[in-house]
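Reading through the structure tokens given below for one structure.
Heavy-atom basis, side chains included; hydrogens, waters and symmetry copies ignored. In this text the structure is predicted, and so the values were computed from the model without any measurement. Along the sequence shown, the residues carry numbers beginning at 1. Start at 1 and go down the list; that is how both ligands and their atoms are numbered.
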Amino acid sequence: MVGMNTADQLIASENAHIAHTYHPLEVVVATADGAWVTDVDGKRYLDCLAAYSAVNFGHGHPRLVAAAKAQLDRVTLTSRAFHNDQLGPFVEALAKLAGKDMVIPMNTGAEAVESGIKLARAWGYRVKGVPAGMANIVVADGNFHGRTTTIISFSDDPVAREGFGPFTPGFRSVPYGDAAALEAAIDDNTVAVLIEPIQGEAGIVVPPASYLPAVREITARLNVLFIADEIQSGLGRTGATFQCDNAGVVPDLYLLGKALGGGIVPVSAVVGNADILGVLGYGEHGSTFGGNPLAAAVAREVIALLSTGEYQERSRTLGARLHAALNALVGQGVLEVRGAGLWAGIDIDPSLATGREVCELLMVRGVLAKDTHGSTIRLAPPLVVSAEDLDWAVEQLAAVLQELRG
Ligand SMILES: *Cc1c(COP(=O)(O)O)cnc(C)c1O
């Protein structure tokens with residue numbers, strides 16, 4: 001133990017044996033409650049990342065933990081070779097929440113995206129009549145949809161992509177937010193447009209207000225599926241159940257993940273109507289863990305939390321408060337603030353500090369946040385955060401900027 005505390009030892013053993021695909025802040029979390037986490041030395045931090053929105057309802061939400069514990073004692077995994085008594089109620093509730101009628105249950109976000117791609121291709125060949133092997137999908141520059149080989153095939157982030165080819169063909173990327181470019185990229189073999197309603201990993205990039213309605217109009221007119229990847233933007237984060245609600249549009253398919261598992265288990269889904277999801281037949285798609293009873297029980301409780309509108313409302317009102325406070329920092333080391341609801345991308349003046357440096361200074365002050373793309377930091381606290389804690393977090397950011405400006 002000489003010269004090394006527990007946190008240092010834990011970080012050293014992790015670093016010695018884990019592939020170096022992440023560069024975490026030097027905090028070792030031991031426990032968590034609501035919007036707060038506590039490290040191995042007993043220091044508390046306000047969690048302003050919420051596991052990239054997977055913890056929208058806070059750590060250890062009593063109703064989600066109770067649902068998980070009750071199900072742990074009943075049955076946790078059956079595989080889809082048999083029915084389980086949790087799956088039917090889950091998919092029924094999820095379809096209802098989304099205003100659709102069918103669900104493909106999966107586990108991770110990337111699996112939901114992969115499932116959406118397979119489904120769109122199958123729909124294209126079997127319903128739209130695209131010649132075999134010719135389907136294409138239009139995506140947006142700056143996208144982030146996950147880490148599988150097919151998904152990184154249409155990423156334009158060199159770090160995510162380089163060295164991992166050969167890539168899956170069948171995708172075309174156009175500038176995000178540009179409906180005319182999107183329409184121009186669509187041809188007779190286009191089966192889907194796949195976009196994030198707000199680009200999270202790109203830095204909380206919000207498209208022009210006319211964009212999503214234009215995407216809806218174009219895709220409907222040209223008989224192309226509109227797939228909204230709401231894995232990060234959905235389930236309350238932006239002050240609505242889906243960011244598409246804020247834009248007044250209904251996509252053909254929602255891709256959901258992250259918060260759907262309540263921060264307890266990975267749960268993802270493709271949600272749409274039977275005229276699309278119904279094209280898949282027996283044996284054509286699957287997942288050993290997808291739709292497992294533990295996941296279904298937790299996700300059903302997540303949906304119950306969302307069905308009152310309470311969390312969407314918190315996100316809306318607290319989000320307005322957060323954005324007002326952050327906008328007051330523009331010109332004081334902040335160049336721009338973007339976002340919706342309790343989700344903010346903050347561009348720090350790069351001459352002052354990198355996003356990473358700002359996050360490290362915030363950590364010292366007890367606020368955990370995450371940088372993205374150089375000088376942008378993102379705030380996405382759990383929707384259960386109190387107004388006082390939120391104000392305090394922005395005060396810490398103001399203090400960090402003050403410190404940096406000298
Ligand atoms: C996180 C994310 C994914 C991938 O989810 P995983 O669970 O990490 O596979 C896909 N799309 C968006 C928009 C995301 O934010």
Side-chain angles (χ1 to χ4, degrees), residues 19 21-22 24 49-56 104-120 137 139-157 159-161 164 168 171 173 176-177 192-207 212 215 226-238 240-244 246-247 251 253-271 287 289-290 292 295 298-299 302 338-345 370-373 376 378-380:
T21 55
Y22 281 86
L49 181 64
Y52 304 90
S53 291
V55 185
N56 274 1
I104 304 172
M106 299 295 287
N107 311 283
T108 66
E111 287 178 321
V113 176
E114 291 275 355
S115 304
I117 290 168
K118 285 176 67 179
L119 176 62
I137 293 175
V139 299
D141 298 350
N143 70 73
F144 181 86
H145 297 285
R147 300 294 198 163
T148 64
T149 15
T150 286
I151 293 172
I152 59 149
S153 294
F154 53 88
S155 167
D156 57 10
D157 177 356
V159 179
R161 211 183 126 84
F164 301 119
T168 306
F171 300 94
S173 193
Y176 186 63
V193 166
L194 166 62
I195 49 170
E196 299 155 85
I198 289 179
Q199 287 190 329
E201 299 308 299
I204 328 291
V205 177
V206 183
L212 295 175
V215 172
F226 175 6
I227 308 177
D229 181 347
E230 294 255 20
I231 290 166
Q232 197 167 161
S233 59
L235 308 182
R237 175 52 58 194
T238 64
T241 303
F242 304 109
Q243 172 58 15
C244 282
N246 284 332
L253 301 176
Y254 291 102
L255 306 181
L256 303 175
K258 293 201 165 99
L260 190 56
I264 297 176
V265 279
V267 188
S268 69
V270 179
V271 190
S287 163
F289 284 87
N292 73 75
V298 172
V302 164
R338 296 171 301 276
L342 271 177
W343 204 19
K370 178 73 175 79
D371 57 300
T372 179
H373 293 276
T376 299
R378 78 172 96 196
L379 298 181

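- Among all protein heavy atoms, the one lying closest to atom 9 (O) of ligand 1 is Ala110 N, 2.8 Å.
- Ligand 1 has no nitrogen or oxygen under 3.5 angstrom from a nitrogen or oxygen of Glu196.
- Nearest protein neighbour of atom 11 (N) of ligand 1, counting heavy atoms only, is Asp229 OD2, 2.7 Å.
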query: Could you walk me through whether Asn56 and Arg237 pass the side chain to side chain contact (heavy atoms under 4.5 Å, CB included) check?
result: CA-CA 7 Å; Asn56 274 1; Arg237 175 52 58 194; 2.7 Å; yes
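- With no hydrogens or angles considered, a side-chain donor-acceptor pair links Thr148 and Glu114 at under 3.5 Å.
- Between Thr238 and Gln243, the side chains place a donor N or O and an acceptor N or O closer than 3.5 Å (distance only, hydrogens not considered).
- Checking only distances, Gly146 never comes within under 3.5 Å of ligand 1, N or O to N or O.
- For atom 6 (P) of ligand 1, the nearest protein heavy atom lies closer than 4.0 Å.
- The salt bridge (Lys or Arg N to Asp or Glu O under 4.0 Å) pairs that include a residue from residues 196-206 are Glu201-Arg378, where partners are two or more places apart or lie in different chains.
- Within the 4.0 Å heavy-atom shell around ligand 1 one does not find Tyr52.
- For Ser287 and Asn107, the side-chain atoms include at least one donor-acceptor pair closer than 3.5 Å.
- In terms of polar-atom proximity, defined here as any N/O pair under 3.5 Å, Lys258 does make such a contact with ligand 1.
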